[in-house]
Protein chains: 2
Amino acid sequence: MKLIASARMQAEPSSDTALRLEDFLPYRLSVLANLVSGSLARVYARRFDLTVPEWRVLAVLGRYPGISAGEVAERAAMDKVTVSRAVARLIARGRLRRGTNAEDRRRSALRMTAEGRAVYQRIVPLARAYEAELLADFSPAERTSLDQLIQRLTGEAARLREPMAPVQAADD
Amino acid sequence: MKLIASARMQAEPSSDTALRLEDFLPYRLSVLANLVSGSLARVYARRFDLTVPEWRVLAVLGRYPGISAGEVAERAAMDKVTVSRAVARLIARGRLRRGTNAEDRRRSALRMTAEGRAVYQRIVPLARAYEAELLADFSPAERTSLDQLIQRLTGEAARLREPMAPVQAADD
DNA sequence: TGCAATTAGTTTCATATGAAACTAATTTCC
DNA sequence: GGAAATTAGTTTCATATGAAACTAATTGCA
């Protein structure tokens, strides 16, 4: 049955065309990020009954108390729906308070309650410790290198996400 | 109102305790991976009506034709439920054929149909091109460095996922 | 042989996600 | 001032996810 194997034969993909998933950067990044997020979440999810979006909201508010839900979404690279729900849950558990922005009453002004801060202040050291363990074997030079590579890749990926800006004019 | 700010005051987290999310490795990896996955998926999702899990199943089968669903899950680091559904959808669209493993009739033997191979062979170059664009500005040395850093981080994260093997006994 | 334990894969169920529609407040512009 | 357009945030809805229960086949072992 095996005739002369021609390139035209639409056979099983041969090793020269087959893509090695385990070497493919998007796949590797995805696996790595999931592993890291998952193992970090283990540290706080059960102990504090906190989801990843909730932790991110707290993390942003720890640095920028009083900002609005929209600003949280922007700073945490989260969807506004996800933020809305995480905030609702955090408020329900007494970890956040929702004020109103005095200048623009559509906007919320989110702040942690004392209870929220207590949770936050217990998680931050755990998060730092996790990161430290992850990087324990990396030299300062390697950390700098990692830092720069991630930053550049993120910039590239952001550029590639937008379908190439039109060369002429015609904004749509 | 500002009394002597003591460390005991449970005030807004100050800059020394506050965690900078934008510098926090797990967060940065997650943002990067989502950006990359998202922008790559744009390339094939609409054009071929293919989800990320489906693409991964095809990618694995491109290299290992005839393996079972479980082996696909393992090689693609996917959940078996996700694989099961992706396979079902691929079969429904005529892109995959499900045979039975002769030695163990519980196992499937998955292969692309001619149509599946056609899709696969159109996506692979697009995927490679995307990766090439992402890495366009990186020197060979930088690529090697990136490669090794990802590999080491993945190894570390995998180790940290398992809660430290107990030293004594007394499991809880 | 034949029954218990294991394994491959699917289905169910409870929850997570995000696009689109919606509500409420604000700004623009006449 | 006030109607139209804009913006912040929520709700709805359709889909995605994965743990646990389930089904079907196989293997182990008496």
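Naming convention: chains lettered A, B, ... in sequence-line order (proteins, then strands); numbering from 1 in each chain.
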Residues within residues 27-37 of chain A bordering DNA chain C, heavy-atom distance below 4.0 Å: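 Going residue by residue through residues 27-37 of chain A, none turns out to have a heavy atom under 4.0 Å of DNA chain C.
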
For [N], does OP1 or OP2 lie under 4.0 Å from any side-chain N or O of [X]?
| X | N | answer |
| --- | --- | --- |
| B:S108 | C:dA8 | no |
| B:T82 | D:dT17 | no |
| B:S84 | C:dT11 | no |

Rounded to whole Å, please give me the gap between [atom1] in [X] and [atom2] in [N].
| X | N | atom1 | atom2 | value |
| --- | --- | --- | --- | --- |
| B:D49 | D:dT15 | CG | C1' | 13 Å |
| A:R107 | D:dG9 | CZ | P | 7 Å |
| B:I91 | C:dT10 | CD1 | P | 8 Å |
| A:D104 | D:dT7 | CG | C1' | 8 Å |
| B:E71 | C:dA8 | CD | C1' | 11 Å |
| B:E54 | D:dT17 | CD | P | 10 Å |
| A:R56 | C:dT17 | CZ | C1' | 14 Å |
| B:L96 | C:dG9 | CG | P | 13 Å |

Run the numbers on B:E156 and B:R159 for salt bridge (Lys or Arg N to Asp or Glu O under 4.0 Å), then give the verdict. CA-CA 5 Å; B:E156 278 306 307; B:R159 260 197 333 94; 2.6 Å; yes

Please figure out whether B:R85 or B:R106 has its closest DNA chain D nucleotide nearer the 5' end.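 The residue mapped nearer the 5' terminus is B:R85.
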
Pairing donors with acceptors under 3.5 angstrom, does anything connect the side chains of A:S39 and A:Y130?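 A:Y130 and A:S39 do have a side-chain donor-acceptor pair below 3.5 Å.
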
Would you say A:R56 and B:S30 are linked by a side-chain donor-acceptor pair, where the criterion is simply a distance under 3.5 Å?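 Checked: B:S30/A:R56 side chains pair up, N/O donor to acceptor below 3.5 Å.
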
Answer with base, sugar-phosphate or nothing: what part of the nucleic acid does B:R98 contact at a heavy-atom distance below 4.0 Å?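 Sugar-phosphate contact only.
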
Surrounding CD of B:E22 (heavy atoms of other residues, nucleotides or ligands, distance under 6.0 Å), is the total greater than 12?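 Correct, the count exceeds 12.
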
State plainly whether the residues A:E142 and B:R152 are in salt-bridge range, i.e. N to O under 4.0 Å.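 B:R152 and A:E142: salt-bridged.
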
Tell me whether B:D49 is salt-bridged to B:R89, with the criterion being a basic N under 4.0 Å from an acidic carboxylate O.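 Looking at B:D49 and B:R89, the cut-off is met.
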
Parallel, tilted or perpendicular: which describes the rings of A:Y44 and A:W55, with under 30° parallel and over 60° perpendicular?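 Answer is tilted, since the angle falls between 30° and 60°.
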
CG of B:L32 to CG of A:L25: how many Å apart, nearest 0.5 Å?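 So the CG of B:L32 and the CG of A:L25 are separated by 7.5 Å.
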
Cation-aromatic face contact A:R122/A:F48, 6.0 Å, 45 degrees: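 The answer is no; the distance or angle limit is not met.
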
With a 4.0 Å heavy-atom cut-off, tell me which residues in residues 74-81 of chain B come close to DNA chain D, sorted by residue number.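 Correct list: B:D79, B:V81.
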
